[in-house]
Each structure stands twice: as structure tokens, then as C-alpha cells.
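Per chain, numbering begins at 1; letters A, B, ... match sequence-line order. Predicted model, so just to flag it, every value in this text is computed and none were measured.
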Amino acid sequence: MGNRKLYPFDIIEKKWHKVWEKRQSFRAWNPGEQIPEWHPFGKRHKLSGKIVDQKDLPPKFYVLDMFPYPSGAGLHVGHPEGYTATDIIARYKRARGFHVLHPMGWDAFGLPAEQYAIKTGQHPKITTEKNIANFRRQIKALGFSYDWSREIDTTDPKYYKWTQWIFLQLYNSWFNPETNKAEPISTLKYPPELKTEQERRAYRDSKRLAYVAEMPVWWCEELGTVLANEEVIDGKSEVGGYPVVRKPMRQWMLRITAYAERLLQDLDTIEWSESLKEMQRNWIGRSEGAEVIFEVVDDGSLNLSPEERKITVFTTRPDTLFGATYMVLAPEHKLVDKILPRSWPAGTPELWKGIDPASRSTPAQAVKAYKAFAASKSDLERTELAREKTGVFTGSFAINPVNGEKIPIWIADYVLATYGTGAIMAVPAHDTRDLEFARKFNLPIRVVVQPPKEGIDPVGFVDDGISVNSGLITGLPTPQAKQKIVEWLEQQGKGRKTVNYKLRDWLFSRQRYWGEPFPIIWKNGNHEPLPESELPLIPPPLDDYKPTPNGEPPLARAKDWVNLPDGSTRETNTMPQWAGSCWYYLRYLDAKNDRRFCSPEAEQYWMDGEKYQGKGKVCPGVDLYVGGTEHAVLHLLYARFWHKVLYDLGYVSTPEPFYKLVNQGLILGETEYTVFTFPDGSYCSASELRDIGEEATPHGPMMVGYHKKTGEKLYGKKVSEDEVEKSADGFVLKTDKSIKVDARSFKMSKSRGNVINPDNILEEYGADAFRLYEMFMGPLEMVKPWSTRGVEGVYRFLGRVWRLFIDEKSQVEFEQSLTANPEKAERLLKNLKLSDSIKEVEPNAEQLKALHSCIKKVTEDLEGMRFNTAISALMVFVNQATTWEVKPVSVMRDFLILLQPFAPHIAEELWEKLLVQAGMKPVLEGVDLCYQPWLEYNPQMLVEEVLEIPVQVNGRLRDVVRIPAEATQQEIEQVALASQKVKPFVEGKQIKKIIVVPKKLINIVVG
RNA sequence: GCCGGUGUGAUGGAAUGGCAGACAUACAGGACUUAAAAUCCUGGGGCUGUAAAAAGCCGUGCGGGUUCGAGUCCCGCCACCGGCACCA
């Protein structure tokens, strides 16, 4: 790239940023606010100077970005992808007359700032502020039409005051299963047997939506904190990839499980992508089945109470009860230790007695050894490897309620304590895991479901079939068999129909400093809420931000803060990072309110589509939410949960927060080519390798592959694009075409060194080109590789737009005077002259057609969020307009209205030129470009007098004929048949039928 | 293994069941230039064919099907990407 700019984007962009800021162009107005005389929104909607009421305001459109965590690394090119998409929509909707709310803020609590604080002793606030300032600068440089007056920061006490307040709402609520919603804790009814206040308190505390529980949690030594299930991936922390272990700790929990069903059901009411909804459904993991009670066989020596004698299992296949040949408890199951007989029953095979030969003398010893073995396995080990089944016989038996059969009770870690009842009935014939286990320990396998088709082995058949050898359900197809057996169990009091969810309650406390402190104090072992008047509760500064040596959170170091005069102490845990992002979209509605998290008026106006949009489509909540898939389950599930609680308590008016959600696809690094070499340095074709992939090494990620024949591990070497060429299938080395090269794009990462810094792109091509490129790459939702060459392409397009309007001679003079007086840059812009070819003339038919087909395409594509094709329509227009000797002002004006959402800076500058130098009349006089009304296309302008109609014979293209638009079907047929190119294919054959698609195509079918 | 998504030129990608490859990138040729950059113009899926054309055939991951007509719809596969994964 030469250093000469195609147009002075740097000057223009700075200029318009200042203008927009000064005019507060993108400020949105809450009901009750007075709109100043000068504001363009007031002018557009005739509300200037008025104190507006909800009913005066035009329909709202709330378009939201997932706010970023301001990391020290600065903006990633992935951020502006979503932000540009929402900005284009925001600008388009504004032009369409909507009252647009388009805010931005910072999700600023987080680990990196805290870890930096641990290293340096510097308060994390300082790092955070610095990073926010950098992010703000970078985002502002892109010219997004945010209402910056609503900017929020989750680490600002004015913000987290309300995060803490919402926590108190959760704390002071319980979920009433009868009404299926959260209610104030005061409506809780106590069982009559609870007499003392202490008993009632314990009962109350056990029902709260925010409650304390001692439970095994994921403890991450490296991070010095516990993590939520959702933050643990493959036995490692999602952040940093550190090992985690299970550890019982006292923790704050949020009762999200109470909302499992509603979180699932309401997915059907919102417009999210199917894949995203599926992810949430999977996470919630609803499964219908039955609980079945098995009775432990006790000859009296076990001393079991009647309650302890019952083992309840959960199964989704009650129809296979007759095939249950053993049962399994999780090692952590409560009853495990109670059911152990003193000695092995007669005839217990050695194989059943456990993993440790030394401990086989009694069941208690075997079980103890097995429990120790299972507990020692990290979760990584549990999920990894071939998952060889392990387990041990307890020595006890239970009675299968359907046939009275005595079956052995085992413990095994393939049964999870945390799902269902922590116990299962094992049906090896019809469950893959049970089958594996039964085969390993030589347990009986009994077929009770016949596959519907011949030739399928019934052992290991897990789908629906016909019940066999199953007493009263024999002969029934699986669904009916399930129903009938459950009815029978219910009659007998041996079981019932039930639903289970994979979703667990949300572990809500962290042993960190840089998070919201809990507004909770502890008095005599009981917790109490802080009064609302004491919010926000601000954490004290520390000298040392590490956890204390005995594992207490860092806040425990601040003795003066923790210990209160009356002897009570503060909770020292903090909330997880997700807390602040659970409700930020509500704070934007009324960001400065210090009496409430958000006023009811603002909430109702901006969130409730139905009431204030009048007729038409109802879009409750945030109308459009755009962000990455990385938040598919965590943030989006948590936020929906909080929203539903607030809805139940009457604080918000919609059951769902985000009506329409779009996931932007990841932007990968530029395509990389890898050639593999043998240790001696000679090349190996990628086609001879299997399992090509990345491997982390101390020098960063390396490409590795394994030789298909020898299994030898080979390393890859990066080669540049000019060293390779495309062959029949895939790329090969230019120097040796027998050597295939691996070509793929990778996620951008520091260690790989393929990160594109937005600052550099902005510097070289400007914000408009950057915005345009990110949208032009392809459909928003798709994963796509970055290509800096592609940026140059759209940059050239903007250069063509510029030259369409600006006189070349004045451009040259401008550049010269700019070199001489760079400090006068902005004033020199005035010297740029409009091209002489732009004239106040009536547009001709061709020009109108070009304009109106552009309006049509851009409008339709914006409605469908197909930005890439909208931009190509703009390019088509410019390519056509470049050939016009005279360009009518009106046509060029309308083009700028279409261009503005995509490339606002250049559009504003050229609009101003048309106003000042060509005396252009805007569509709405005195209104800024960003509030000019959108254009309607006129179908009349697109009508062709002569159409080019393709002629097919038997579906194959033979000719294209020109036919007057008003031609009749017969005339069209005649012209087509008369075509010299068509004749040879028709002559001598019988014409069976002629299909004429009006204005589109004609197909002659011959026999 | 289960669920979801995607497969189209050298590349990113376009195509309400109706001219496959819009628009752009890369490439090649030309104009302008002392030269280069920038700009403008032209070309282009493959094969056969021809002096050049014309013309024909084949082409949207693979195999079938529906249809006058399929990248698009249906059935069966394959590959890649993402998510979940001992959840009974």
C-alpha cells in the first residue's frame, strides 16, 4: 500500500466524531425527559423542546451488543464484527423512524486485573480504568452510534449497588411450586411441626433463591477460587486451563433449578438460532422417566430403618424393569455405608470383591478402598481415557419391585451422585454402560426389548421396540409399556412418574477480591441481609490481594472491614463475574438512576414491545442482541434466570430479556499453509498423514500429524502463500507438486502470532473501510478467515465513492496544501470541490433504475441482516454511476442515505458537500443525515421494456432472447421457437409442452 | 456416541425450485506514466473444439430420487467445524 490515501478518511472521521459528540446525535430519550430544540431526533419527530410522554415517542428499538471485558490486550477484530452489525441496524432503524436505544459499557470485573494486582499490589481498579479507557478509544474510533450518556461499568459502585440489590431480592425470595414463580419470602408457609424460631429460620433459609450450602465444589488451586460447573471444562478451569478438584465447601448457591422448566419452555417464545436453543436445552437436560423404589434385603443384621431400606432409582426406561439384573449406587450415595454386611454372602465371586485384592476380606473394606480410589481420580481422569468401568459389590441385595427378584447392589463411579437419585437399576441388555459393566464383572444380561426389525442383536439394543419377558407389559411397544408400568408402580406405591434435569444450582460465590461483595453479614452462625440503605457495599483496599494462607478469600485480610462492632462479621466471598452481566441491559434503560436499578417508566417503554408499539409485530425485551457463541449457555442462561426472577417479583414486564439473538461467527486468522517434514528435513505429503492438528509446545502451537503407515509423528512448517499452488484436490508445493500442503485458518491467538490489531487497520484504511470489510466478509453468523487484502478491496470501493463526488483537481490541491499545513487539516476539507459532473438535473431512466434497484436490495438485505450482499448492491450502484457523465444531485443524495449506515463518516462528509456546494434539498429539511428518512423503492422504476429471457430445451439453456415486456405467452413461444440456436434441438422432435415462467424463463420440452 | 451447522472457481462468497459463480480478492493482458504506485479498461470454472471463433460436453462433497427444470426439495452416505458427553 502506498502512503497516499485514497481519500482523507483520517481527517473526516475525526471531524464527524466531534460533530456527533457535540450534537449528542445518538442520544436516546427516556419518557419524561426534555428534548433540546437543536437535537436531530426532536427535529425528525417534531418533538423539539418537548418534555416527552411515552405516547408521544415513536416506537422503540433496542439493539444491544454483548459488552466487552476490557482486557489489557485491547480490542480484537472479533469485537467490531458484532458491533458493526448492530450499528448498521441501529442507524437503519433510526432512519426508519424508530427511537433507537444503542448503548455500550464494560463488563469489567475479572481475573486478569486481579492477578495483576496480586503481582504488583496495585488496586485492580487502576488496571481496569486504564483498559476501559483504551477500549473506549478504540470503539469510539469506529464511529458507532452509541448513546454514550448511558455508558456503564460493572465495577462502578453506582452500578454494583444494584447488582447487590438484585442479590438481596433473590435472597429474600423463594420459589413457590404451586404458583410456579418466585415470591417474597414472607409468603412462605411453615410446616406446623416447626416450633422454634431457629427451626423456622433453618426452613426459611433452605427455601431462599439465594442459599448457603456445604457442598462439593470445584476448587482451582492455581486460581485460588471455586468455580461453577459451567466454568469447568474437561476437568480444567475454563480460564487458564488449570486443574480443578472436588472439595466440600460452604458456598452461596442460586436456585436456578427451580426455573429449569420455564427456562426450557420459554425458548419457544424467542427468536434465537436453533443451534443456540439446542445448546440451552442440552444444558438444562430435561428427561422424563420414573422413580422406582427397590427394597434392600435385610435379614435384621443390617439394622436398617424402614426409610433406609428404600433405594430410589431414576430411570428413563421403566419399561426395562424386568431386565434389571443388578443395581448401582454412586460411591458417594448416603446409604452405601449402611447396607454393608459383615461378610461376603456365600458364593460371591472374587471378581466382584473390588479392585484392591488386599481389601477383599469384607465388603466394608472393599467399599472403603473403592471409595478412596474413586475420590482420588481427578475429574480429568474420570472423563478421559477409555473410561474403563470400575466398581465393587456391596455384599447386599435388593428386591426388584416388578418381579420380586433379588439382585446384587454395586457401587461404581459411572453412576453420578449429583444426577437423578444417585442410584440406578442396571439393565445391561438395553443400556450401553450397564452392558459394558456387566460384561466386565460377569453379571447376567437379560433381553426384555425386542428390536422392531429382524437382524438386530437385541443385546445392546437401546432404542424403542417391543417388550418381551416382561410380565404385564409383554408385547407392548416401548411408549405404551412405559406408561403402563408406571401406572402399575404408582398403584403399588413402588414408584412414580418424574422429570429430571441436568441443570444444577448455580454456585454463586468466589474467593476473589475483584468482584461484588455479598451484602450479607454473619451473626451467631446465621446470615442476615444488609439493609438496602447500606448499599453499595464497597470492598476495602488491600496490600495483598491473594487469598489468605488458610484458604479464606482475600477480603478476610481486611480485619477492620470484616469485623463489625457488634461482633458480627461480613461475608468475605464475592460474586462471580457473571453477576454484573446478568442485568446490564436493564441498567442501560436508566443508567444514572440512583433511587432504583431502573425506573418502571423506562423499563416499560424500552422493554415492553406490546404496549407501546401499538399494532404490528410484538418484540418484547431487547429487540436485537448480537454476540459470540461463547456465551451460549453461561451468560445467556444466567441472565434469563435473573430476568425471570425480576419478572416474578414485578420489576420487569417481559418474561424474557432478549427477543432476537444473533451469534456472530468467529473471525479466524489469515489462511496458513503447512508442509510436513521428516526428521531428516525431507518433505512428506499431507495426504500420507492422519490426525493432522495442533499441539501446544513451549514455543507455541505446532502442527503435527502421524504417518499413516509408520505412525511416526511429524512436525509441520509454515510456508507462505506464494510457495504453494492449487492442485486437483488441495494445495501442493510449487517446487514439488507431489507434496500436498495442509491449508487452514486458526483462531487468532497471541501464541500463534496471527492476531490482527484493529488500530493498525484503522490507521491504514480508516474506520469506514474496517466496518465495511467486516460486514463484507460473509454472512454474520459464519466463521470466516481474515484477509487484509479484502480490506483493501472495500477501501478501494470507498475511494471510488469519493472520486464519484469529489473533483480530482481540487483533491490534488488539497493534498498539497495538507502536506504544507497538516495542522489545518480539518479546515482544508472545505477546499475540496464537488465534481462538475454532479448537476442539478432530472435523472434519466437508467439512473433511476440503478438507484431504485439499489434501494430495494439494500433494504431487503438489511431486514434480513445480510450485510455482505447489501454492500455488494452499493458497489454495483457505484460501478454504474462511475460511467455516468452527468450525475443528478438527487440520485447521489439518495445513495448517501443508503451508504450512511455502513460507512457513516464518508457519507456525512459527502452529504455536507452536497448541501453546501450543490444546494441539495434533503428529504427532511434541517435534519442531519443520520436522521434522514429511509427510502422506499418505486417498482415502476425497475420495469424493463425489453426483457432478456433464457430459452431452455429440456431444461438446458440454448439461447437468450430479447422480448418486449408486454409480450403475450404466445408471442414469447413464437420468438423462442424461431431462435436459430433453439431450432437444431427442436427440429424433427415432438414438442410435448412449453413452460413459460412470466418474465423469467421459457422451457421447451421435446420428446 | 448424541445434537447443531457447513461443503459452490485460485480465495471470501452470490443465487424466492428458473441463465450457477453477483460483488470482491488474487491472477493475466492492455491504457496512462521516464518508471513504479494509484487509477481506468478487458479477460477468465473445466474439458473437447477452432487459426481465431462458433459450437458442444461436463461441472455446486459423494450416490440415488422427485420435477419440464435441483446448488436449492426428498432418501442414503462422506468430510470438516461447533457444542454436549458414564446425565441412567
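The base-pairing partner of rU39(B), taking Watson-Crick or G-U wobble contacts with both distances under 3.5 Å, is rA31(B). The partner of rA26(B) cannot be assigned: no Watson-Crick or G-U wobble pair with both contacts below 3.5 Å exists in any strand. rC68(B) and rG18(B) make up a base pair, with Watson-Crick or G-U wobble contacts both under 3.5 Å. Checking rA85(B) for Watson-Crick or G-U wobble geometry (two distances, each under 3.5 Å) identifies no partner in any strand. Look at rA79(B): its Watson-Crick or wobble partner, with both distances under 3.5 angstrom, is rU6(B). When both pairing distances are held under 3.5 Å, rU50(B) makes no Watson-Crick or G-U pair with any nucleotide shown.
Within 4.0 Å of F877(A), counting heavy atoms only, lies no atom of the nucleic acid at all. K981(A) comes within 4.0 angstrom of the backbone, heavy atoms only, and of no base. Heavy atoms of R286(A) sit nowhere under 4.0 angstrom from any nucleic acid atom.
More than 12 heavy atoms of other residues, nucleotides or ligands lie within 6.0 Å of CD in E274(A), so this atom counts as buried by the packing criterion.
The C1' atoms of rC73(B) and rU25(B) are separated by 33 Å, rounded to the nearest whole Å. When the P atom is used for both rC2(B) and rU11(B), the distance is 32 Å, rounded to whole Å. Taking the P atom of each, rU50(B) and rA55(B) are spaced 16 Å apart, rounded to whole Å. The separation of rG71(B) from rG59(B), taken at their P atoms, amounts to 10 Å, rounded to a whole angstrom. Spacing of P atoms, rC57(B) relative to rG61(B), comes out at 22 Å, to the nearest Å. Comparing the same atom, P, in rA10(B) and in rG44(B) gives a spacing of 15 Å after rounding to whole Å. For the C1' atom pair drawn from rC68(B) and rC62(B), the interatomic distance equals 26 Å after rounding to whole Å. Using C1' as the reference atom, rC81(B) and rC86(B) are 26 Å apart when rounded to the nearest Å.
On a pure distance criterion of 3.5 Å, a polar donor-acceptor pair joins the side chain of K389(A) and the base of rC86(B).
Judged purely by distance below 3.5 Å, without hydrogens or angles, the side chains of Y795(A) and D768(A) never pair a donor atom with an acceptor atom. Residues E885(A) and S837(A) bring no donor and acceptor atom of their side chains to less than 3.5 Å of each other. A donor-acceptor pair shorter than 3.5 Å cannot be found between the side chains of T257(A) and R504(A).
Proximity note for W283(A) (side chain, C-beta onward) versus rC84(B), rC86(B), rC68(B): the nearest is rC84(B). Considering only side-chain atoms of L6(A), the nucleotide from rC86(B), rA38(B), rG18(B) that sits closest is rA38(B). When each of rG56(B), rC58(B), rC86(B) is scored by its nearest atom to the side-chain atoms of F985(A), the top-ranked nucleotide is rG56(B).
Glycosidic conformation of rG21(B): anti, with the torsion beyond 90° of 0.
Using bins of under 30°, 30° to 60° and over 60° for the plane-to-plane angle, the ring pair Y7(A)/F9(A) lands in the perpendicular bin.
Between F985(A) and I1004(A), the closest side-chain pair of non-hydrogen atoms is not below 4.5 Å.
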Let me have the donor-acceptor pairs involving side chains of residues 311-319 of chain A, under 3.5 Å, with sequence neighbours excluded, atom names and distances please.
from, atom 1, to, atom 2, distance (Å)
T315(A), OG1, R317(A), N, 2.8
R317(A), NE, D319(A), OD1, 2.9
R317(A), NE, D319(A), OD2, 3.4
R317(A), NH1, V462(A), O, 2.9
R317(A), NH2, D319(A), OD2, 3.0

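Checking side-chain atoms of T320(A) against main-chain N and O of G323(A) turns up no donor-acceptor pair under 3.5 Å. Side-chain atoms of Q280(A) do not come within 3.5 Å of backbone N or O of L267(A) as any donor-acceptor pair. Side-chain atoms of D959(A) do not come within 3.5 Å of backbone N or O of V961(A) as any donor-acceptor pair.
Partners of P785(A) according to the side-chain contact (heavy atoms from CB on, under 4.5 Å) rule, which considers only residues two or more places apart in sequence or in another chain, are T671(A), S745(A). In this view, K440(A) and E388(A) satisfy the salt bridge (charged side-chain N to carboxylate O under 4.0 Å, His left out) rule, not counting sequence neighbours.
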Under 4.0 Å protein heavy-atom contact, by nucleotide of nucleotides 19-35 of chain B - B base, S sugar-phosphate only: B--BBSSS---------
How would you summarise protein contacts on nucleotides 75-81 of chain B per nucleotide, using B for base, S for sugar-phosphate only and - for none, with heavy-atom distances below 4.0 Å? -------
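To the nearest 0.5 angstrom, L898(A) atom CG is 12.5 Å from I871(A) atom CD1. Distance CZ/R789(A) to OH/Y773(A): 11.0 Å, rounded to 0.5 Å.
Atom CD of Q990(A) is separated from atom P of rC68(B) by 16 Å (rounded to the nearest Å). Between the P atom of rA14(B) and the CD atom of E860(A) lies a distance of 16 Å, rounded to the nearest Å.
In this model, the phosphate group of rC40(B) is approached by a side-chain N or O of R803(A) to a distance below 4.0 Å at OP1 or OP2. Between K784(A) and rG12(B), a side-chain N or O to OP1/OP2 separation shorter than 4.0 Å is absent. Contact annotation: Y414(A) does not reach the phosphate of rA88(B) (side-chain N/O to OP1 or OP2, under 4.0 Å). Residue S287(A) places at least one side-chain N or O under 4.0 Å from the OP1 or OP2 atom of rA88(B).
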Using atom names, set out every protein N or O paired with an N or O of nucleotides 3-8 of chain B below 3.5 Å, distance rounded to 0.1 Å.
from, atom 1, to, atom 2, distance (Å)
rC3(B), O2', E278(A), OE1, 3.3

